[in-house]
Each structure stands twice: as structure tokens, then as C-alpha cells.
Amino acid sequence: MTATAEPEIGKARLRKEDARLITGQTTWTDNLQLHGMLHMAVLRSPVAHARITGIDVSRATSMPGVAVVLTGEDFAAEQGSLPCAWPITEDMKSPPAPAMAVAQVNFAGEAVALVIADSAYHAADALEAIDIDYDELPVVLDMEEALRDNDLVHPDLGTNKCATWIFDSAEAGVGTNVEDEIASAEVVIERTFKQQRLIPAFMEPRSVVVDTTAGMFTVWSATQIPHILRWMLSAVTGISEHKLRVIAPDVGGGFGGKLQVTPEELLCLLVARRMGRPVKWTESRTESMLSAHHGRDQVQKITLSARRDGTVTGLKVELLADMGAYLRLVTPGVPILGAFMFNSIYKFAAYRFVCTNVFTNKVPTDAYRGAGRPEATFAIERMMDELAVELGVEPMKIREMNWIRHEEFPFDTVAGLTYDSGNYEAATARAMELFGYEEMREEQARRRSSGDVVQLGIGISTYTEMCGLAPSRVLGALRYAAGGWETASIRMLPTGKVEVITGTSPHGQGHETVWSQIVADKLGVPFDDVEVLHGDTATSHKGMDSYGSRSLAVGGTALVYAADKVLAKARTLAAHMMECDEVDVEFASGSFSVRGTSTVRSLGDVVLAAHVAHDLPEGMEPGMDADATFDPDNFSFPHGTHLCATEVDTETGMVRISRYVAVDDVGTVMNPLIVDGQVHGGLAQGIAQALYEEATHDEMGTLTSATLADYLVPCAADLPAFLTDRTTTPATSNPLGAKGVGEAGTIASTPAVVNSVLDALRHLGVRDIEMPMSPERVWTALQGRPDPGSGDVTAGGLGSIDAQGGQS
Amino acid sequence: MHISVNVDGVTYADEVEPRLLLVHYLRERLSKTGTVVGCDTGNCGACTVHLDGHSVKSCQMLAVQANGHEVTTIEGLARDGKLHPVQEAFHSNHALQCGFCTPGMIMQAIDLLADESDPDDETVRKGLEGNLCRCTGYQNIVRAVQDAAQRMKPGAGPKQEQHSDEHISSKQPVGGE
């Protein structure tokens, strides 16, 4: 219970992390300079699919400063295969995934050679002197074409089909048969949506430094997952895990993009071992775009059945998911994270999900903010609008008719999950009020009737998602190779200061601040007396790291339980010190007292007594430290209602978001400042998918959006001001009541924007526009022409020039 | 080539390769690692510093072009242990998350405020167009810049960050956008 006069939990604390970040006193991996350090540069394949027929490194080897040039042959015996931790089916096809191509390249951007030199400039110079002959193979880019197996990405597999994963509500015994529902339905709507390929585009390019001194391998990496990385690097290289230390220092964003065991991390380690000297690799932005994993990239065929009165009955989802050329850490599982979310907040009787994972000659896909759930939310929210249009019903009304009412929680869904808590009515009512929903509809009607050049659209997204990854036994049942628990330790120092060790690995989220708030609240110590240690396997020896909006709901809960253990032991000792019965000891504001007396011992007094251990109760160990590990028994389910107004210029196709309201229920909030920040950033990325971003390739498989000039990460002028608010129904799956907020904004916002633009233009005959809804696409749709294309063939920008990824 | 550059109040004399980028000179030679590199095309603005009080993208400039000039980085903003009002405003308004874009964003914001002492929302957004942030959605950055404008009234802040119209009209093209 709250132990301070003014609760820390819920307070808009300014962040501890900021002091170093606003003054430049940072520890980014690329800042490291070690004595005798070598620099690694990576030559990348300019072609998407080819056999390597010859490599000549002689010119490069003799260039100034070059220590050695290494090719796939040099690593073939030791590099093994990069790990995929999520074999979603027993018969999943899984090709070997070498960190460096040996005989064949399978995507443009794949590593084909390394230069190790005394400076990054010399290493980059020598890259250009390496000659490689390629014998080009047919390029497989389109998923439907890939499934015909005419040309194979990996001939040894005999097919481009990686796996098929099925969930069926009738087979699972949690719903009826979807084909029966469709056959007997009064209304059936079938649509196909494309989830374009996105690039996470974290601001800090990836960087790795490996040091081999002191009889250890110390790996610094700009990673979200130092603990998993240590485990996996050990498994791949055979280096004993206890001889590997991984440090994630300041990490500049991740969004899932740094949830990876990368080729470059492995190669840097192997090179350092080979050379016996420290080695650094830092990527250029173009390298990052060409080789760090991408996200999304699905084709979604959705069939929804309903009654004429608007009641939904069945939902059938048939997905094609592009794996790219290899299976990275959780590549095949990303669409499966969406499998349980297509039904969303609605009460379908039947549900069937079939996902076919496909190999192509593109950069591997993997987690990107939301990972599977934005795709699901987009599809269902688009379909609810399609149903509303079909039946001529107001789109909010159709949602309201079908959603789970607040008194129905906990609710067992047709996808087999149990939603613990929520109140969709409350969030929606608040959002509509903030938005001025009725007035907006009136304004929309005025513009329609006057034939205004700038039409107004109103888009709705009433979303939920599953996060707080996750119950280990559920992950196991889904064939994920790791658990979903999290751990925390509290070290009570003799002066009363507190060190917290967490297994989560923040990279912008503000854990140092919020974890301090939680401990200050639980133990009644000052906020500034708490130091949070993370991201170094030598201090934080175990953890499952940060992704899937899990850190607070799982890692924060572990911290609460560790604090409970500290207090339980301190209470026993305090009773001993105050010579009273333990049941008479009260704890408030950091002090123990004997009920009904003035006898008091501060927590600090008790901690010191435990530390010196001069007079402890019989059998009590000295010290007051505690560890706790928490494995939740359910996911958590944030939800909310997002409303987006867009003004669409019917002459130019330009879309401007004129109002955006997000009302989210993320459970109990620890720090509203940080929660708002997470929502803002999430919205920006979801809106960017709707309007701006797309990874495009030419017909040869070259990424034509390989710079920030071509891949349109929005700037300040591209985004509106957001109006955010919250409703709260605490999660019941953890004592904090926290649900998670990292991904909610991204998951919710994309369909809100797309529904809004379509709502503006439907009366002009526009039925659908592919994302990103560029002015060109919107304008073309308004001319009544077919979509100009999926963007697979686009004129190259800056990125098409330098497919090698060098510093041009 | 020999260059002499004043960085954050200290004059350095160095031999550099003509091709050495200013940002690499700052980071690798002077260990001014507060300034970072986020891209290779001048789009992200993470490397923004001030050259004689004006913002430039230090990845789009050669070190030799800074010869004889004064460079201010994020590390040179605080005076006598006191943060620059823009740094304070970024902290107070939660205008950063991972913080990687923050040095460049702060340097650009100061440049913006030197030209616009009381900018509205749109002016701030347009003024920061050349600086990308992937975390914040910009909402709190805009708020911070406007808050900083109020904190700096009637024109507080280190003197070299203020520049008159004469300075602007005599501004030489020095790389960046």
C-alpha cells in the first residue's frame, strides 16, 4: 500500500533520464573508444538474389589501414545460423540464416564481405575495392507469385511457403463454425487489405562494440534485448554464456527494430575473437534501412458475416505474411500475435484465422511497434466501417451494437482469450465529447451539400490489443522458445539508499523514473534515493527485456513483489527491534511503529540493523535485499476510442488531419506525463503508416526507399497536435492495475486515419485507397481510376543509388 | 590540412584530412560525443550544431569548413552549471524519450527562437522540419520550444545564441540545408 504522504504512483514526475540526454553526457554505443580498437565495415549485396561466383579482395586488403578483409568463406565454419526463437508449427520451413552470405545472397543488403581497418574511413574506402561476381537468380518479390513456387528463394526448401498457422473457434471449442455462419448470413462482406512494408527507423543507428580483454567477451550493443542477445550469442558461437557480458548502454529508440540478434552483432564478436582486439561497427542510415529488419507486409483477405440488424456473426481471416528472405528472432510469430485480435472488442460467434507465411527476396520482417496487432486492428476497424456503409448505419452505432459491454467482463472471446477488464462505453463517450462528434458530422454534411473542394472525413477506431507479454505457459503453448516472466531486485544499502535492478531494458521509455516512483511509493523512501540499474548482464543477470508493452505490467510487478519482500523482512526485524509482536507493527511513510505507542524505527534504521547484523532474530539472514520474479497469468488488454477528422483536398489529394482525439484505457497510470508521451509517439507512427511511410522495391528487389529522403518518417510539420485523455479500468492480472501503453497509439491510429479519409470521399465514389494514402493515390482514386499500384515499382530516390550501404 | 576551430569556448588546432566531416571531427577527435549522427543525407538533423551562432548540420559540413569559426555543441550550452532555458524547457515538458534527436533538436530550437521570439505552433513545426524525432510525435517538443520562448523573454540566454539582423544578412552558406 502507499507508504508516503503524497503518493508517487500517479505523479507526473519529470524524468531522471533527461539530465544526461539534454546535455550530451550520453553513453551511446558509438561513443565508445577503446585502446587498439579496430573498425568493421560491411559490404552488402546490391542484388536481391544471386549466386556468388567470385570474390577478389586483393586490392582492398592492400589499402591503407586495412587489417584484414573477410568473406563468407572465412566465417562458414564458425558462424552457424542466426536464431529463430519462434517455430510456429512443427513443420515450419526454416532455411539456414548465415550472418554473412557464403555462396548465395537472398536479399539486397545482405552482408557479403567485411573490412577490418584502423578507422571507419579506411574501412569504408576499402569496401569499394572489393570485387564480387554475381550470377543473378530470378527474384521473388510478390507473395502470391511466390506461392506458385515457380522460382524459389531457397531451392533446398522446395517451396516458398514457410508455414501455415490456423486458429478455428469451432475446433478450439470456443465458438461456432465460421463457414456455417457465412453460409447462413444475411450480409457477407469480403475485402482485401494490404499492410505495406514499414521500416522501424529508430533514430540511433545500430552500433556494436566487442572487447576481448580481461578474459571475457564484452559486447556493447544498441539493442532492446541484452539478456536474450547474450543467451543467443552464446548458443550460436559456443562461447560460454558466463564468458559473455552484454551491455545495452543508452539506446536511441527501438520500436521492435532492436528486438533482434543481428548478423552484425555476431560478426563483430567473431572478428574480435579472431583478431584478439576490440572491434566496433556502426551502421549508416542506408545500411540500417537495407539490412535491419522491416515490419508489417501482409495481404489480408477478410470475410465478415452479419445479420441485417447489424449484429456480426462470423469473421474469417486469411493472411499472407511476408517473412522476407530469412527467419529472424521472432519473424514467423509476428502475424500470430495478431491472430487473437482480429475479433477485437466485438462479439463474433465464429472466428477462423489462417496465416500463410511466405519467403521472398526481401529484407527479413520482424517486430515493429504493435507487431501483428496493428494489422489485426486495421482490418477489423476497416471492416466495421464497411459493414456500416453496407447497412447504412452510423459507424459508431454498429460498433456499439456489437462490442462487449462493461458489465460483461471478464469476457471469454471467440479467439480463446479472456479479457479481464474494460469499459468501451466510457472511453467512447469521452472521446466523442472531446471530439465534438455531432458538430463534426454537421460540418461534414454542410461541406458535402455545398460541394466544398475540401471535404471532411471522420474516422473511428475502437480498438483493443493484447500486451504485457506474457504468461510463459501461453508462450510455450504457442511454441515460442522463451518465457515471458520478468525479474527485479532491490538492494537496500546501509545508508538507506536503494539500488533497483531490473530485467527490463529501456531505450527511451523512462523506466529509471517510473521504477523509482514505484519503489519510493512502496518503501516510503525519497524518489531521488533510488537508482535503477539495467541493461548490463553483469549487474542485471537475468531478464526478458523490453518489447510488447510488457515492462511495467510484468517488470514493474516484479519490482512491487521485491519491495513487498523487503518490507516483510523489515517488519519482522522492526518488531524485534521494538520488542513487540509483529502484528502490532504498522508501516507508513517509510517508518515502522508500534500500534498505539510512539515507538518508531525508520526503514533506514532497520536496514542498517540488518546490515550490521549485531542483533537479528534467530535464523534471520543479514541484509535486507530481495529478488522477485513475476510470471503473469494473463495478457493485459488496453483499449480506447480514437477519432480522427481529416480534411481532404479533392483537387490535390492532400490529406490534413484537422483533429485527433485519443481516449485510451491503459489501466492504472504510474506517470501521466510518460503515458501521454508514449501515446503521442505511438500515434505518430500509426499515422505515418496511414499517410506517409512505405518500404518500396524496384522490380529487381532493390530497396528504393533506403534513405530518410525517400522513406518518409514524418517531421513536426506533417503531424497535428493530439488531444489525449484517459479512462481507467485497472487490469486485474497484476497488482499495479497496469495494462501497458507502448504500442496502443500505433495500433489504434492507423485505421482511424484511413477510415476518416474514406469517410470524406465515399460519397464521391471512392471505395478504398491503399496505404500510405499519398496525395497521388488519393487524387487517383478521386479520378475513378484504379490504384496506381502497390508501390512495388517506384522511381528510385537517393536510396537506389547506393545499394551497397556504404557511406556515400 | 591545418585547422583552428573554437568548440564550446576552447580553441583547437588540428591536422585533419580534407574529407573529414565536422561531426566526425567533433566526435572522434574532440570526444564531443554529445553530437550524434542519425543519417547520411542531412534529413534527420541529429547532428545539428551552431556555427557562429547559426544552426548547421555537422554531417553535411567538412571540418575544414569550420576553420576559423566558432562551433557550439549541446555540450557547450550550459553556463556556470546552469542549463540553457531550452534545455530546461525540454526537461520540464517531457520533450524527449530516447533522447537521440534531442541535442540536434535543442540546437535547432535555439536557432529558431533567435529568429522568432514568440512562435506559434505552426512556426515551431515548420522551424523544426529538418529535425526528425521518432519517439515523441513532436507534441511536447513544440510545447517545450514555446515554453522556452517564454522563459527567455525578453531575450535571455547566452549571448552568442542571439544574433542580430546584420549577422543574418551576412550569413555565409556553410553546409546543411
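Reminder, nothing fancy here: chain letters follow the sequence lines and each chain counts from 1.
- Ranked by heavy-atom pairs under 4.5 Å with chain B, the list Ile674(A), Thr26(A), Asp676(A) is led by Ile674(A).
- The two residues Ile657(A) and Val753(A) have their closest heavy-atom pair at CD1-CG2, 4.2 Å.
- Residue contact with chain B, scored on non-hydrogen atoms closer than 4.5 Å, involves the side chain of Gln33(A) exclusively.
- The candidate from Gly252(A), Ala684(A), Gly510(A), Gly745(A) with the greatest count of non-hydrogen atom pairs under 4.5 Å with chain B is Gly252(A).
- Looking only at heavy-atom pairs under 4.5 Å with chain A, the residue among Leu20(B), Asn140(B), Leu96(B) that has the most is Leu96(B).
- The parts of Leu673(A) that come within reach of chain B are both its backbone and its side chain, each placing non-hydrogen atoms under 4.5 angstrom from that chain.
- In summary, Arg125(B) and Glu129(B) do not engage in a salt bridge, as defined by a charged side-chain N under 4.0 Å from a carboxylate O.
- Looking at Ile687(A), neither its backbone nor its side chain comes within 4.5 Å of chain B, counting heavy atoms on both sides.
- Counting heavy-atom pairs under 4.5 Å between each of Leu21(A), Thr27(A), Asp250(A) and chain B puts Leu21(A) at the top.
- The structure places OG of Ser55(B) at 13.5 Å from CD1 of Ile106(B), a figure rounded to the nearest 0.5 Å.
- Neither the backbone nor the side chain of Val124(B) comes within contact range of chain A, judged by heavy atoms closer than 4.5 Å.
- Closest approach of Phe90(B) to Val145(B), counting heavy atoms only: CE1-CG2, 4.2 Å.
- In this structure, chain B has no heavy atom under 4.5 Å from any part of Glu17(A).
- Counting all heavy atoms, side chain and backbone alike, Gln87(B) lies closest to Ala78(B) at OE1-N, 3.9 Å.
- In terms of heavy-atom pairs under 4.5 Å with chain B, the best-connected choice from Ala688(A), Ala721(A), Gly253(A), Gly682(A) is Ala721(A).
- Here Glu28(B) is the residue among Glu28(B), Lys126(B), Glu122(B) with the most heavy-atom pairs under 4.5 Å with chain A.
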When you look at Phe202(A) and His507(A), which way does the ring-ring contact (aromatic ring centres under 6.0 Å, His included) test go after all the steps?
-> CA-CA 10 Å; Phe202(A) 33 76; His507(A) 38 284; 9.8 Å; no
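- For Arg29(B) and Tyr12(B), the positive end is not near the middle of the six-membered ring at less than 6.0 Å and at most 45° from its axis.
- Put simply, the side chain of Thr48(B) gets close to the backbone of Gly45(B): a donor and an acceptor are under 3.5 Å apart.
- Looking at Val679(A), neither its backbone nor its side chain comes within 4.5 Å of chain B, counting heavy atoms on both sides.
- For the options Glu75(B), Gln139(B), Arg143(B), heavy-atom pairs under 4.5 Å to chain A are most numerous at Gln139(B).
- When heavy atoms are compared at a cutoff of 4.5 Å, Pro714(A) approaches chain B by way of both its backbone and its side chain.
- Residues Val5(B) and Glu70(B) have side chains not in contact (no heavy-atom distance under 4.5 Å, counting atoms from C-beta outward).
- Contact count against chain B (heavy-atom pairs under 4.5 Å) is highest for Gly681(A) among Gly254(A), Ser119(A), Gly681(A).
- Contact tally against chain A (heavy-atom pairs below 4.5 Å) for Thr102(B), Asn131(B), Thr136(B): the top residue is Thr136(B).
- A 4.5 Å side-chain heavy-atom check between Lys258(A) and Val251(A) finds at least one atom pair inside the cut-off.
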Go through Tyr660(A) and His642(A) one step at a time and tell me if the ring-ring contact (aromatic ring centres under 6.0 Å, His included) criterion holds.
-> CA-CA 7 Å; Tyr660(A) 196 103; His642(A) 288 211; 5.6 Å; yes
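- Contact of Asp30(A) with chain B is made through backbone and side chain together, with heavy-atom distances under 4.5 Å.
- Contact tally against chain B (heavy-atom pairs below 4.5 Å) for Arg15(A), Arg20(A), Gln25(A), Met289(A): the top residue is Arg15(A).
- In this structure, the portion of Tyr138(B) lying under 4.5 Å from any heavy atom of chain A is its side chain and not its backbone.
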